[in-house]
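Here's the structure we're looking at; comments come further down.
For ligands, and for the atoms within them, numbers begin at 1 and follow the listed sequence.
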Amino acid sequence: MTVKEQILGGMEACEKLLIGIGEEWKAENIPDISGLYEKMNRLIKDKDFFIVTTVTDGEIFKSSLEKSRMVAPCGNVTWRQCSKSCTKDIWEPGEILKDVCPHCKAPLTGNTIEAENYIEEGYLPQWQAYTAWLAGTLNKRLLVLELGVGFKTPTVIRWPFEKTVSINKKAHMYRIHESFSQLPEAVKGKADGVSENSLEFFRNL
Ligand SMILES: [Zn+2]
């Protein structure tokens, strides 16, 4: 069986499906990114899944994927915040016409970790939903797919996913990354590393 067949079989058989999306999925120069998210939706929409993404371009939020089942802890550039952080308000695209803070008139900026003062309130409700969901995976058949997550912000997906897999006896992880597919001792036997670009891998899945 190829690793692709193993993953598709694992998706079929799992009770819980955790997906991490990282640097390889940044949408610049990926013309078919929306098609890839639609493909993901077709594959997983009937599963009990959760997606954690560190990508901040907001493309995933435009897809058909269920928004109550995703969290973007590094933010979303299409959501706007005050560049001076005078308020914790966050605005959706088009809500503020001139892209200027209605309170202090400073320019708005993307609500992402790149902002000088990142307002984390944008993702915290979904982070709570995620941790509650994760607590329910402990004794379940959990499949973890880690797609293109390197070492830019390893505390968000990479290291916590390793921990999640190491403590769940029924978990299995596939770590797919062109150059960082290595696995630590703690997950040996419960995880496979695939040294391939995860976008290309997913296109052909
Ligand atoms: Zn302001």
Side-chain angles (χ1 to χ4, degrees), residues 18-41 44-45 49-137 145-164 177 180 198-199 202:
L18 174 60
I19 298 179
I21 299 175
E23 294 96 297
E24 286 182 338
W25 286 58
K26 286 194 170 186
E28 303 132 48
N29 310 317
I30 310 171
D32 61 339
I33 191 72
S34 60
L36 292 174
Y37 286 129
E38 294 309 323
K39 176 177 183 173
M40 187 176 287
N41 186 51
I44 71 174
K45 63 181 190 305
F49 71 88
F50 216 101
I51 299 172
V52 188
T53 180
T54 58
V55 180
T56 57
D57 58 40
E59 286 294 326
I60 194 169
F61 292 97
K62 300 177 196 158
S63 75
S64 312
L65 285 156
E66 176 59 50
K67 282 164 199 64
S68 65
R69 291 180 174 274
M70 59 173 83
V71 61
C74 298
N76 175 344
V77 78
T78 71
W79 296 337
R80 313 302 290 167
Q81 67 162 73
C82 173
S83 58
K84 303 265 183 250
S85 309
C86 79
T87 166
K88 292 192 174 203
D89 289 355
I90 289 159
W91 296 282
E92 303 227 6
E95 231 185 311
I96 304 288
L97 288 176
K98 285 184 174 152
D99 220 31
V100 165
C101 175
H103 304 289
C104 75
K105 308 297 174 204
L108 299 186
T109 188
N111 176 228
T112 75
I113 48 170
E114 308 294 332
E116 201 174 329
N117 298 294
Y118 177 36
I119 296 172
E120 302 196 57
E121 274 70 6
Y123 76 85
L124 287 180
Q126 273 312 99
W127 186 259
Q128 279 158 14
Y130 169 51
T131 53
W133 181 88
L134 200 57
T137 65
L145 283 185
E146 200 190 81
L147 303 171
V149 179
F151 289 99
K152 198 171 171 217
T153 48
T155 55
V156 179
I157 295 176
R158 193 175 175 101
W159 295 342
F161 275 24
E162 290 170 359
K163 179 149 187 238
T164 293
H177 194 289
F180 299 123
S198 62
L199 273 174
F202 192 78

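- Under 4.0 Å is where a charged nitrogen must lie from a carboxylate oxygen, and between Glu121 and Lys88 at least one such pair does.
- Taking the six-membered ring where tryptophan is involved, the planes of Trp79 and Phe61 are tilted, since the angle between them lies from 30° to 60°.
- Dense packing is recorded around NZ of Lys39, with more than 12 heavy atoms of other residues, nucleotides or ligands lying under 6.0 Å away.
- In this structure, the side chains of Thr53 and Trp25 stay at 4.5 Å or more apart for every pair of heavy atoms.
- Excluding waters, the protein N/O/S atoms found under 2.8 Å from the Zn ion (ligand 1) are Cys82 SG, Cys86 SG, Cys101 SG, Cys104 SG.
- The stretch residues 61-81 participates, sequence neighbours left out, in these salt bridge (Lys or Arg N to Asp or Glu O under 4.0 Å) pairs: Asp48-Arg69, Glu59-Lys62, Arg80-Asp99.
- Using a 4.5 Å heavy-atom cutoff, the side chains of Trp91 and Pro102 are in contact.
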